[in-house]
Structures are given as C-alpha cells and as structure tokens.
Amino acid sequence: MSEVESKKSVEDVVIDDANVDCSLDDVDTKHDKFTTRRVELWAFYVYYIGNNGLSGFNFGPSQFQNLLYLAGYDPSYPPFTVACGAGDCVLPYLGRVRDVNAIVLLTNGISFALQAVVLLLIGAWADYGYWRPNITIFFTILAVAVSFAWLGVEDPSRWQAGVALYILGLITYQCALTFWTAAFPGLARDLPEVKKSAADVTDGKKTLDDHENFESLSRNRISNVSFTVSSVGEILILAVMVGIIKGLDAGASTENNTKAFSVLIAFSGGVWLLCALPWFFLEKRRPGLALPPQTSLLTVGFKQTYIAFRECMKLKQTFLYLIFYFLMGDVLNTTVTVIGTLQNSVVSYSTLQLTLLLIVGIVTQALGIYLFWIVQKRFRISTKAMLCFNVAWIIILTIWGMIGIHTDKFGFKHVWEIWLYQAYYGLMVCPWYAYSQTMISEVSPMPQMYMIIASTSSFANGIFDRFLFFALFSVIGKTSAFIGPFVSSAIITASGNNDNYPFVFLFSLGMFSIIFLYFVDVKKSHVECEDFIAAEVQRKAFASS
C-alpha cells in the first residue's frame with residue numbers, strides 16, 4: 001500500500017468511527033465570509049512594518065543603558081564623585097552596587113520573567129472566542145504610549161523611570177508581536193487557493209500530501225513576504241531617522257544625543273500606530289474555540305500549557321527538541337543582549353552609529369535568510385542539517401566574546417568588530433528564527449493531526465490539539481529568555497565587572513544544548529507522531545489521563 005493510500009485509509013477510518021457526515025467543503029462553506037482577501041493580507045504585512053522592534057527592542061534598551069551610563073560613577077573613586085569614563089561604570093540597583101551592563105541584563109531578565117507570566121495567563125486567549133484582535137490592539141496602543149513616554153525621560157537623573165519604560169517597552173512589544181502572529185495560521189488557512197486545494201482533496205482531485213505541501217508553501221509565502229515588506233519598510237524608517245538625527249544635531253553634545261534617542265523612540269512609536277490602524281479595521285474577526293469545560297479565561301492558559309507539556313512527553317523526539325529549543329533559545333537571546341550592551345559602550349551611545357548599524361543588520365539578515373533558503377533548495381538539505389549549520393555560527397559568537405575576557409584586542413571591544421558583528425549576525429545567525437520554527441513542525445504532529453481531524457466532528461478539538469504544541473513551544477521560547485540574563489548579570493558582578501565573562505556560560509550552555517539536537521531523529525519523530533495521532537484523535541485534550 002502506498003503512503004498516500006495509507007494516509008487516506010486512516011482518514012476514512014476516522015470518519016467512519018466518528019459516524020458523521022462532514023467534509024472540508026462543509027467547513028469552507030461555513031467560513032466563506034472569513035476568506036482572506038488581498039487587502040486584509042496587506043494590512044497584516046503593513047502592521048509588521050510598525051511592529052519592527054525599533055522602539056521597544058532597539059532604541060529603548062540603548063537609551064536605557066545610555067541613561068545608566070550618564071547617571072553612574074567610576075567605582076575607583078568615592079560614589080558619585082567621578083563620572084563614568086573609560087573604566088568601569090556602576091550604580092546602586094536592587095540592593096547592591098552593580099555594573100551598568102549587569103543592570104541592563106538583570107532588568108532584561110525581569111522583563112522576560114514578567115512577560116512569561118503574562119503570556120502564561122493570557123497567551124491562550126488567542127485561541128478562544130474573539131479576544132485576540134482586541135488584545136493585539138491593547139498591547140499595540142500601550143506600546144505606542146510607552147514610546148511617547150520616553151520624551152519625558154531625557155535627563156540621567158530620571159534613569160529609574162527608564163527602568164519602568166524599558167520593562168514595559170519589551171513586554172508590550174513582545175505581547176503585541178505574539179498576538180499579531182497568532183493571526184497567521186487563520187490567514188493562511190483561509191486563502192482562497194488553500195480552500196480550493198482542500199476541497200480538491202475531498203473531491204479526489206488532489207492527494208493529501210499535495211495539499212499539505214501546497215498549504216505549507218502558502219504559509220511560507222506569507223511569512224517571507226511579511227518579512228520582506230517589514231525589512232524594506234524598516235530601512236525606509238531608519239533612513240528618515242538619520243535625517244532626524246542630523247536635524248537634532250545629535251553629535252554636537254551628550255544632551256542632544258540623549259534627546260535624539262527619545263525622539264527616535266517616539267517617532268518609531270508613531271509610525272507603528274499608523275501602520276497598525278489598517279490592521280485594526282480590516283482584520284476579519286475569525287471565531288476561536290469555545291472554552292473547555294470547567295475552565296475560565298484565568299485558568300485556561302496554565303492548563304493549556306500543562307496539557308501541551310503532558311502530551312509532548314509522549315513524543316520522545318519532540319521532547320528532545322523541546323529541551324534543545326529551550327536551551328539554545330536562551331543562549332541566543334542572552335548573547336544578543338550581552339553583545340548589545342557592549343556595542344552601546346563601544347560606539348559611545350551614538351544615535352547615528354547605532355542607526356547605521358541597524359541598517360546594516362537589517363539588509364544582511366534579509367540576504368542571509370534568502371541565501372540559506374537558496375542553498376537548502378538547491379542541494380535539498382534537511383531542516384535539521386540547516387539548523388545544525390546555523391547553530392554552529394551562534395556558538396562561534398560566544399567564542400568570539402570569550403576571547404575578550406583577557407585581552408582588549410578582540411571580543412566586541414572595537415568599532416570595526418561591531419560593524420562586522422552586525423553583518424555576521426544578519427547573514428549567519430538570523431536564519432535561526434526561520435529554521436528553529438520550521439523544525440518544530442518537523443517533530444510535532446500538527447499538520448497531520450489537522451488534516452485528519454478536519455474531516456470529522458472533532459474538528460474544533462483537533463485544531464485545539466494542534467494549538468497545544470504551538471502554545472508549548474511559544475511559552476518555552478519566551479520563558480527561556482530570562483534565565484540567561486539573570487545568570488549573566490550575576491557572573492559580571494562576581495567577576496569584578498568583566499562584561500565578557502558571561503560568554504563562558506553561554507558557550508558551555510550552547511554546546512550542551514547541541515547534544516539534544518544531535519539525538520533528534522526526524523524519521524522516528526514521524527512514526528511517533530503517527531502513533532500519537534492514532535491514539536489521540538478520539539480523545540479530548542482536556543480529559544484526564
């Protein structure tokens with residue numbers, strides 16, 4: 001029996017066992033009004049131009065560290081008698097005197113810890129009822145408000161207010177991005193061509209494999225176009241920012257440079273709001289799932305995460321990748337943050353240089369992801385192999401940083417290194433965000449489960465089971481981001497304010513995480529997923545074990 005015939009027979013058995021008369025045509029007819037149109041798709045793309053991270057993820061952190069540096073003092077002298085210069089720079093923070101870079105990392109960890117709690121509590125709301133669009137709007141407006149609030153924090157004496165804005169900026173940016181991204185599966189599923197393809201499967205005009213491949217390509221098309229549109233838009237925004245910096249004469253004085261930071265953050269917030277408005281009005285409010293029995297909006301997030309983890313434990317290969325994803329995600333997030341703090345110091349918090357560096361990073365990351373994809377397509381390389389290749393370059397970043405522990409000649413301590421890093425990061429590291437997510441689909445029973453259950457009365461429950469794994473990996477991706485910053489901050493403090501010492505921890509953790517990726521067997525995962533689907537297709541996710 002062929003693979004296609006085998007899959008069809010499984011589907012037939014499920015339909016017979018369900019004893020229902022439901023087809024993909026029925027589903028499409030029911031949701032015709034939610035068909036994705038070009039205008040809605042472009043509103044989705046344009047939103048991403050605004051939610052580019054410039055306010056909360058780039059200039060906000062840079063301004064925060066700049067204020068800390070200007071408010072800090074050289075620990076070689078009595079407190080607050082000598083301003084920070086070429087030596088160490090410290091401030092009292094959370095009960096003890098800390099290095100400025102350690103303060104940034106510690107605050108970053110606090111931000112991600114709070115974000116993890118928020119997403120555990122309300123992250124699952126993206127799957128239920130009509131809540132998700134409202135939550136996207138809420139966090140977007142709050143993020144824009146935080147961006148404008150930076151205009152009132154231009155003096156170093158107000159660095160404590162910068163702590164609050166830094167934390168709020170990161171949380172609102174990530175939450176808005178998370179709930180906007182949650183619209184992506186529905187947009188792809190409701191594309192007219194994807195609906196027609198699904199109907200062709202029911203009519204016997206197309207095999208299930210062909211449809212899965214077609215839908216996968218459609219998802220990738222939306223993802224790639226969205227990334228491209230955002231990159232082009234962000235470059236244009238940065239070009240305008242260069243003009244703003246020149247107009248404010250940011251290079252003339254420290255005061256002008258600090259003011260320019262706040263103006264750039266506010267400007268990016270204003271652009272975000274303008275880009276978000278079309279999406280607010282044009283997004284179709286597709287219905288989500290009904291809340292499971294004995295579950296409320298306050299408890300469904302925690303229960304969903306628990307059940308997703310419980311289900312994942314039954315899949316050995318999925319669990320191995322889950323561990324790797326947790327550890328390596330933390331390594332990359334923390335490495336980028338540590339390098340970011342070093343970068344700000346090296347360029348002396350120059351708004352112009354940081355803006356030009358961002359332009360280099362954005363151009364090279366678009367080029368890097370495209371080149372990785374061309375190589376993979378040309379030589380038909382597996383997702384795991386591409387991910388392993390990509391991870392090797394992440395590890396090299398940590399080695400690069402470690403060299404700077406005992407020398408000032410290398411280790412992100414010179415301007416030329418920072419420019420090289422931005423190009424290197426874009427070309428060799430950024431593909432992680434594409435391949436790590438693709439690998440999730442390689443070791444999770446999501447596509448198969450959706451296609452099998454979509455034709456049964458368990459359609460809604462099947463979609464929920466599919467979301468379980470998205471939810472689990474999403475939570476893992478967010479919660480792992482606060483451990484590294486906490487540890488790295490403690491390492492800097494314990495090492496006598498050596499800002500390169502965290503790279504030892506990051507290198508060790510990265511090498512350890514690779515062990516788990518090495519043992520992931522994608523072929524075994526497919527077998528485990530098929531067995532899992534056969535066992536789970538008739539049971540409800542919230543039923544007790």
Side-chain angles (χ1 to χ4, degrees), residues 20-48 51 123-140 176-203 206 208 211-212 214-226 229 275-292 297 300 441 446-447 449-468 470-471 474:
V20 295
D21 182 17
C22 179
S23 69
L24 287 171
D25 283 335
D26 296 328
V27 176
D28 288 344
T29 301
K30 183 177 180 181
H31 296 290
D32 271 346
K33 65 179 181 178
F34 298 116
T35 297
T36 303
R37 304 299 180 191
R38 183 178 296 273
V39 65
E40 182 186 16
L41 201 55
W42 272 97
F44 179 80
Y45 296 152
V46 170
Y47 179 92
Y48 199 21
N51 189 9
W125 294 5
D127 298 341
Y128 300 98
Y130 298 86
W131 278 88
R132 187 193 47 73
N134 295 331
I135 300 174
T136 303
I137 293 172
F138 171 77
F139 279 115
T140 300
L177 185 63
T178 297
F179 283 95
W180 167 80
T181 304
F184 169 68
L187 284 173
R189 189 174 59 247
D190 286 338
L191 286 169
E193 59 268 30
V194 172
K195 283 187 166 186
K196 183 180 183 303
S197 177
D200 288 343
V201 174
T202 304
D203 296 337
K206 178 182 285 191
L208 189 59
H211 172 73
E212 288 177 353
F214 181 79
E215 185 175 0
S216 176
L217 287 173
S218 298
R219 287 196 300 268
N220 277 284
R221 188 187 76 222
I222 292 177
S223 179
N224 290 334
V225 172
S226 176
V229 170
C275 292
L277 288 175
W279 179 241
F280 290 170
F281 293 104
L282 295 173
E283 180 189 8
K284 293 183 174 69
R285 293 182 174 250
R286 294 170 176 84
L289 307 173
L291 281 172
L297 285 174
V300 67
S441 65
M446 294 179 290
M449 180 174 291
Y450 169 68
M451 287 308 302
I452 290 177
I453 302 180
S455 298
T456 74
S457 60
S458 302
F459 175 75
N461 186 55
I463 295 296
F464 174 75
D465 286 342
R466 190 182 189 213
F467 283 152
L468 284 178
F470 274 123
S474 176

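Please read these numbers as outputs of a predicted model, since none were measured by experiment. Numbers here are sequence positions counted from 1.
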Thr140: side chain to side chain donor-acceptor pair (under 3.5 Å) partners, not counting sequence neighbours: Tyr47
Consider only side-chain N and O atoms of Thr36 and Arg286, and report whether a donor and an acceptor are under 3.5 Å apart. yes
What heavy-atom pair brings Cys275 and Pro278 nearest, and what distance separates the two atoms? O-CD, 3.4 Å
What are the two closest non-hydrogen atoms of Ser226 and Tyr48, and how far apart are they? OG-CD2, 3.2 Å
Approximate separation, where rounding is to 0.5 Å, of Lys284 NZ and Leu187 CG: 9.0 Å
Shortest non-hydrogen contact from Pro192 to Thr35? CG-CG2, 3.6 Å
Set of side-chain contact (heavy atoms from CB on, under 4.5 Å) partners for Ala188, sequence neighbours left out: Arg219, Ile222
If you measure from CZ on Arg132 to CD1 on Ile137, what distance do you get to the nearest 0.5 Å? 9.5 Å
Within the structure provided, determine whether Val194 and Lys196 are in side-chain contact (heavy-atom separation under 4.5 Å). no
Interatomic distance, CZ@Arg285 vs CD@Glu283, rounded to 0.5 Å, equals 7.0 Å
Under the ring pair (Phe, Tyr, Trp, His ring centres under 6.0 Å) test, which residues partner Tyr45, sequence neighbours left out? Trp42
Less than 4.5 Å apart, side chain to side chain, heavy atoms only: is that true for Glu40 and Asp190? no
Can you check whether Val225 reaches Leu41 side chain to side chain, under 4.5 Å on heavy atoms? no
For a 4.5 angstrom cut-off between non-hydrogen side-chain atoms, does Phe139 reach Trp180? no
